**Q** 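There's a structure below that I have some questions on.
Nothing here was measured: the structure is a model prediction, and the numbers come from that model. Counting from 1, the numbers follow the sequence of the chain as shown.
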Amino acid sequence: LMTMRLLSEEQKLGTLELLMTSPIRDWQVVTGKFLASLVFFLGTLAFTLYYVVLVSWFGDPDFGPVLTSYIGLVLYGAATLSIGIFASSLSPNQIVSAVLGFGILLILTVIQLASRYVSGTAATIITQVSMQSHFEDFSRGIIDTSSVVYYVTVVVVFLFLTIRSLESHRWR
């Protein structure tokens, strides 16, 4: 929901044309909006560090899983923000953008449940597509490079698709 207005409101108000005619490239617009939303996300996530301080004050937690969970949350959040920006680039209506982004994220999150009903290679592929299955390693305190590569790939692919979507607006 943080990203539903980033590009859809620009389309609705007609300010996207100003961005397209400015002397900056499409990828700079998309990257700037992505980084701004990521900084906002990191700011909201920083408020949860209070709980880590409380737990360390009154107990003796293992900071390895705490640190890897935060790394996983940042990667998961970056992936969801890139999907949201892509959904925002597809429609001038911010509610439609929010529903589309939520739908994509819902599919990528619950697709892991479908792996229970199939077996073999299909189950492996479905599990590897799921965003939730890659986060489980981080919550256990494990930084798996395949999970990091998955989240970075999701970010890059959806930002690339957003750039292509903006370029298609140029020709409409």
**Q** For Ser165 and Ser168, work out which heavy atoms get closest and say how close.
**A** O-OG, 2.6 Å
**Q** To the nearest 0.5 Å, what is the distance between OG on Ser130 and CG on Leu113?
**A**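 Answer for the OG-CG pair, Ser130 versus Leu113, is 8.0 Å.
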**Q** Determine, using the 4.5 Å side-chain heavy-atom cutoff (strictly less than), whether Val149 and Leu108 are members of one ILVMFWY cluster.
**A** no
**Q** Under the side chain to side chain contact (heavy atoms under 4.5 Å, CB included) rule, what do Leu7 and Ile85 come out as? Steps first, then yes or no, please.
**A** CA-CA 7 Å; Leu7 291 169; Ile85 291 173; 3.9 Å; yes
**Q** In Å and rounded to the nearest 0.5 Å, what is the CG to CG distance from Leu166 to Leu161?
**A**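 Rounded to the nearest 0.5 Å, the CG-CG separation comes to 11.5 Å.
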**Q** Taking all atoms of both residues into account, what is the closest heavy-atom pair of Thr48 and Leu45, and its distance?
**A** OG1-O, 2.5 Å
**Q** Using 0.5 Å steps for rounding, measure from the CG atom of Asn93 to the CG atom of Leu100.
**A** 11.5 Å
**Q** State whether the number of non-hydrogen atoms from other residues, nucleotides or ligands found under 6.0 Å of Phe40 atom CZ is greater than 12.
**A**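 Counting neighbours around CZ of Phe40, 12 or fewer heavy atoms of other residues, nucleotides or ligands fall under 6.0 Å, so no.
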**Q** Going through the checks in order, is the side chain to side chain contact (heavy atoms under 4.5 Å, CB included) test met by Val157 and Phe86?
**A** CA-CA 10 Å; Val157 165; Phe86 171 66; over 6 Å; no
**Q** Under a 3.5 Å distance rule, please check whether Gln11 uses its side chain to pair with a backbone N or O of Ser89 as donor and acceptor.
**A**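 Checking the backbone N and O of Ser89 against the side chain of Gln11, a donor-acceptor pair under 3.5 Å is found.
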**Q** Is a side-chain donor or acceptor of Ser133 paired with a backbone partner of Thr127 at a separation under 3.5 angstrom?
**A** yes
**Q** Let me check something: do Val99 and Val96 share a hydrophobic cluster, defined by ILVMFWY side-chain heavy atoms less than 4.5 Å apart, either directly or through other members?
**A** no
**Q** With side chain to side chain contact (heavy atoms under 4.5 Å, CB included) as the test, would you mind laying out the steps for Thr109 and Tyr76 before giving the verdict?
**A** CA-CA 11 Å; Thr109 302; Tyr76 193 97; 3.4 Å; yes
**Q** Check the pair Thr31, Leu159 against side chain to side chain contact (heavy atoms under 4.5 Å, CB included), reporting the backbone distance first and the verdict last.
**A** CA-CA 8 Å; Thr31 305; Leu159 289 180; 5.7 Å; no
**Q** Measure across Phe138 and Ser147 and return the closest heavy-atom pair with its distance rounded to 0.1 Å.
**A**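 Between these two residues, the closest heavy atoms are CE1-CB, 3.7 Å.
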**Q** Can you name the closest pair of heavy atoms from Ser139 and Ser69 and give their distance?
**A**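 Scanning both residues, the minimum pair turns out to be CA-OG, 3.5 Å.
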**Q** Hey, is the main chain of Ser8 close enough, under 3.5 Å, to the side chain of Ser88 for a donor-acceptor pair?
**A** yes
**Q** Where does the angle between the aromatic ring planes of Tyr150 and His134 fall among parallel (under 30°), tilted (30 to 60°) and perpendicular (over 60°)?
**A**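 The arrangement is parallel - the two ring planes meet at less than 30°.
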**Q** In this structure, are over 12 heavy atoms from other groups packed under 6.0 Å from Leu1 atom CG?
**A** no
**Q** Once rounded to the nearest 0.5 Å, what's the spacing between atom CZ of Phe158 and atom CG of Leu81?
**A** 13.0 Å
**Q** Determine, using the 4.5 Å side-chain heavy-atom cutoff (strictly less than), whether Ile83 and Leu73 are members of one ILVMFWY cluster.
**A**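 Shared cluster, yes.
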**Q** Heavy-atom count around Phe102 CZ within 6.0 Å, excluding the residue itself: above 12?
**A** no
**Q** Hydrophobic clustering (ILVMFWY, side-chain heavy atoms < 4.5 Å, transitive) - are Val52 and Ile71 grouped together?
**A** yes
**Q** Is there side-chain contact between Met131 and Thr80, with heavy atoms separated by less than 4.5 Å?
**A**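 Result yes, sub-4.5 Å side-chain heavy-atom pair found.
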**Q** In Å, rounded to the nearest 0.5 Å, how long is the span from OG1 of Thr44 to CE of Met2?
**A**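 It comes to 5.5 Å.
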**Q** Going by distance alone, is a donor N or O of one side chain under 3.5 Å from an acceptor N or O of the other, for Asp144 and Ser146?
**A**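 Yes, a side-chain donor-acceptor pair sits under 3.5 Å.
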**Q** In this structure, would Tyr51 and Trp57 fall into the same cluster of hydrophobic residues linked by side-chain contacts under 4.5 Å?
**A**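 Yes, one cluster joins them.
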**Q** Roughly how far, to the nearest 0.5 Å, is CD of Gln128 from OG1 of Thr121?
**A** 12.0 Å
**Q** Using side-chain heavy atoms (C-beta onward) and a distance below 4.5 Å, is Val74 in contact with Tyr151?
**A** no
**Q** Test Phe34 against every option in Val39, Val155, Leu6 by the side-chain contact (heavy atoms from CB on, under 4.5 Å) rule and name the one that passes.
**A** Val155
**Q** What pair of heavy atoms forms the shortest contact from Ser97 to Ser91, and how long is it?
**A** OG-O, 3.4 Å
